[in-house]
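This report concerns only the one structure given below.
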Amino acid sequence: MFLAASIVCDDYFLPSLEIITECLGLSQDVAGATFMAAGSSAPELVTAFLGVFVTKGDIGVSTILGSAIYNLLGICAACGLLSSVVSRLSCWPLFRDCLAYTISTAAVLAMISDSRIYWYESASLLLIYGCYILVLCFDIKINRCLMKKLSPCCSCFTKATEQSCEQQPLAGWREERGPLIHQQSRADSGIFQDELDYSQLSTSLHRLDEISEDHPSVFTMPEEDMKRILWVLSLPIITLLYLTTPDCRRRFWRNWFMVTFFMSAAWISAITYVLVWMITIAGETLRIPESVMGLTLLAAGTSVPDTVASVLVARKGNGDMAMSNIVGSNVFDMLCLGIPWFIKTAFINTSEPIEVNSSGLTYTATSLICSVIFIFLAIHLNGWKIDKKLGAICLVLYLVFTVLSILYELGIIGNNPTRVCGN
């Protein structure tokens with residue numbers, strides 16, 4: 001299932017995201033915080049709907065809040081340790097996404113503090129995410145304004161301006177044949193600009209059809225021996241994806257990139273469901289406490305798409321996109337909770353609120369806020385780059401948070417009853 005998630009992200013999800021990004025003129029961090037975050041967070045959206053309408057429990061809340069620390073520290077550690085490329089980061093995108101995530105988390109925690117969710121509370125959650133999208137639409141204007149005002153007193157904004165031109169292609173299939181489209185920097189990309197250069201956009205789209213060499217088929221056997229063995233083992237997965245999802249890297253399917261995006265998101269959800277199911281069975285067999293499973297294996301399992309997608313783009317040097325996906329997917333997860341809550345309280349069952357379990361709320365709130373502060377400070381002290389040193393720091397912080405959380409859930413520290421899977 002890990003291999004299948006990697007193939008879906010590398011061969012279908014990221015190439016479709018690249019075309020969407022170029023067609024809309026989005027900067028890498030905005031694309032990572034929106035389309036990439038939404039696609040890789042599809043499993044959390046499915047989990048939230050199942051928790052509200054099927055199991056009628058708080059599985060959505062526990063899954064999303066329980067995996068939040070892994071999403072921030074664990075995936076950042078993976079990007080640093082598993083990538084040989086040092087990725088530069090910009091100050092504004094990380095600050096923007098961390099602030100939005102902090103506000104969203106505070107809103108969710110305030111809503112579930114009384115164990116009841118009303119329709120106006122879920123509507124306010126959707127309103128917060130709508131404001132976040134609005135900020136992303138005017139991201140370039142806000143970024144330029146902050147740079148002018150804060151550059152004299154904040155060196156990180158100056159560094160962000162100098163490094164804005166160091167944008168690289170998203171996927172390896174673009175590097176192999178040279179840039180298909182003019183790579184835009186944060187200074188000349190985004191939605192709702194003052195002057196939309198339609199000629200440049202049309203020229204970029206025209207270049208898509210001028211590629212002399214088509215992308216090789218997925219059934220082309222690699223030349224290296226180890227890659228051949230891996231290719232043979234993954235051939236059933238490759239065949240199934242080939243029959244169900246159009247490969248927008250090839251000229252014949254290039255205009256079907258939106259179909260590729262939604263189909264790859266659906267496959268990501270299905271693969272993650274099977275993966276989490278397997279992890280749950282293993283936890284029940286080994287009699288691992290439910291709370292420990294949620295903080296470790298299940299948190300990592302539900303975040304497999306985010307991990308794979310972030311590591312893949314980090315290996316190409318797109319640090320802003322990787323970090324925006326990490327934090328932006330958490331912001332989208334809060335939207336995942338707001339949608340089913342609003343549908344049920346506003347349209348289906350308007351007479352009574354939704355009941356959720358708010359035990360351990362204080363510790364959860366403290367952990368989430370501390371993880372956001374720690375990762376921001378760690379990146380700042382590391383010189384605004386993702387490297388192996390940052391990966392090691394995030395890994396240590398994640399292990400510390402995880403150990404403290406497990407001790408709290410097991411009742412060793414604090415007063416919290418222990419629950420075992422299946423009981």
Side-chain angles (χ1 to χ4, degrees), residues 4-46 49 129-130 132-133 136-137 139 169-174 177 179-184 189-192 196 198 200-211 214-215 217-218 237-238 240-272 305-306 308-310 312-313 316 318 321 324-325 328-329 331-332 335-336 339:
S6 176
I7 293 174
V8 172
C9 290
D10 198 16
D11 294 346
Y12 297 95
F13 180 65
L14 292 181
S16 65
L17 178 68
E18 174 74 1
I19 299 178
I20 293 173
T21 301
E22 297 294 351
C23 288
L24 295 180
L26 299 176
S27 59
Q28 292 180 0
D29 57 279
V30 174
T34 52
F35 288 98
M36 189 176 181
S40 58
S41 296
E44 281 85 353
L45 181 61
V46 175
F49 272 93
Y129 192 80
Y132 175 61
I133 296 298
L136 292 178
C137 291
D139 177 70
L170 170 58
W173 57 276
R174 288 186 172 268
R177 288 156 195 82
L180 299 182
I181 302 177
H182 167 68
Q183 297 294 328
Q184 294 177 315
S189 59
I191 313 176
F192 302 145
L196 287 173
Y198 293 103
Q200 183 184 19
L201 180 59
S202 62
T203 303
S204 299
L205 294 176
H206 181 63
R207 290 179 186 174
L208 285 174
D209 300 325
E210 293 180 347
I211 310 169
D214 200 1
H215 190 275
S217 172
V218 292
I237 302 172
I238 294 175
L240 183 60
L241 294 174
Y242 175 80
L243 296 175
T244 56
T245 308
D247 189 356
C248 63
R249 297 173 298 178
R250 300 181 65 85
R251 282 179 293 182
F252 182 79
W253 297 107
R254 197 169 304 279
N255 293 330
W256 293 68
F257 59 90
M258 288 304 300
V259 178
T260 304
F261 178 80
F262 286 110
M263 284 300 300
S264 58
W267 271 115
I268 287 173
S269 300
I271 291 170
T272 307
D306 292 313
V308 173
S310 296
L312 288 175
V313 296
K316 301 301 176 182
N318 297 313
M321 177 171 277
S324 293
N325 176 53
S329 62
V331 179
F332 183 83
L335 171 68
C336 293
I339 292 178

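Computed from heavy atoms alone, side chains included, the values below leave out hydrogens, waters and symmetry copies.
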Do you know the tightest heavy-atom contact between [X] and [Y]?
X    : Y    : value
W256 : F252 : CD1-O, 4.3 Å
L136 : A33  : CD1-CB, 4.3 Å
I271 : A4   : CD1-CB, 3.6 Å
R254 : R249 : NH2-O, 2.9 Å
G328 : A37  : C-CB, 3.6 Å
T260 : P246 : OG1-O, 2.7 Å

Determine yes or no for a side-chain-to-main-chain donor-acceptor pair under 3.5 angstrom, with S324 supplying the side chain and D29 the backbone.
yes
Look only at the side chain of S264 and the backbone of F261, and say whether a donor-acceptor pair between them is shorter than 3.5 Å.
yes
Checking [X] now: which residues fulfil ring-ring contact (aromatic ring centres under 6.0 Å, His included) with it, not counting sequence neighbours?
X    : answer
F332 : none
F257 : none
Y242 : F219

Would you call [X] and [Y] a side-chain contact if the rule is heavy atoms closer than 4.5 Å?
X    : Y    : value
D11  : D247 : no
S217 : R250 : yes
V259 : W253 : no

Nearest 0.5 Å please: distance from the [atom1] atom of [X] over to the [atom2] atom of [Y].
X    : Y    : atom1 : atom2 : answer
W267 : I7   : CH2   : CD1   : 11.5 Å
L17  : T21  : CG    : OG1   : 4.0 Å
F35  : M258 : CZ    : CE    : 6.0 Å
M36  : S329 : CE    : OG    : 9.0 Å
M263 : I268 : CE    : CD1   : 11.5 Å

Going by side-chain hydrogen bond (donor to acceptor under 3.5 Å, both in side chains), name the residues that satisfy it together with Y12, two or more places apart in sequence or in a different chain.
none
Not counting sequence neighbours, which residues clear side-chain hydrogen bond (donor to acceptor under 3.5 Å, both in side chains) with S40? List them please.
D306, N325
Hey, what's the ring geometry for Y132 with Y129, parallel, tilted or perpendicular (30° and 60° as the breaks)?
tilted
Side chain to side chain contact (heavy atoms under 4.5 Å, CB included) with S6: which residues, sequence neighbours excluded?
V308
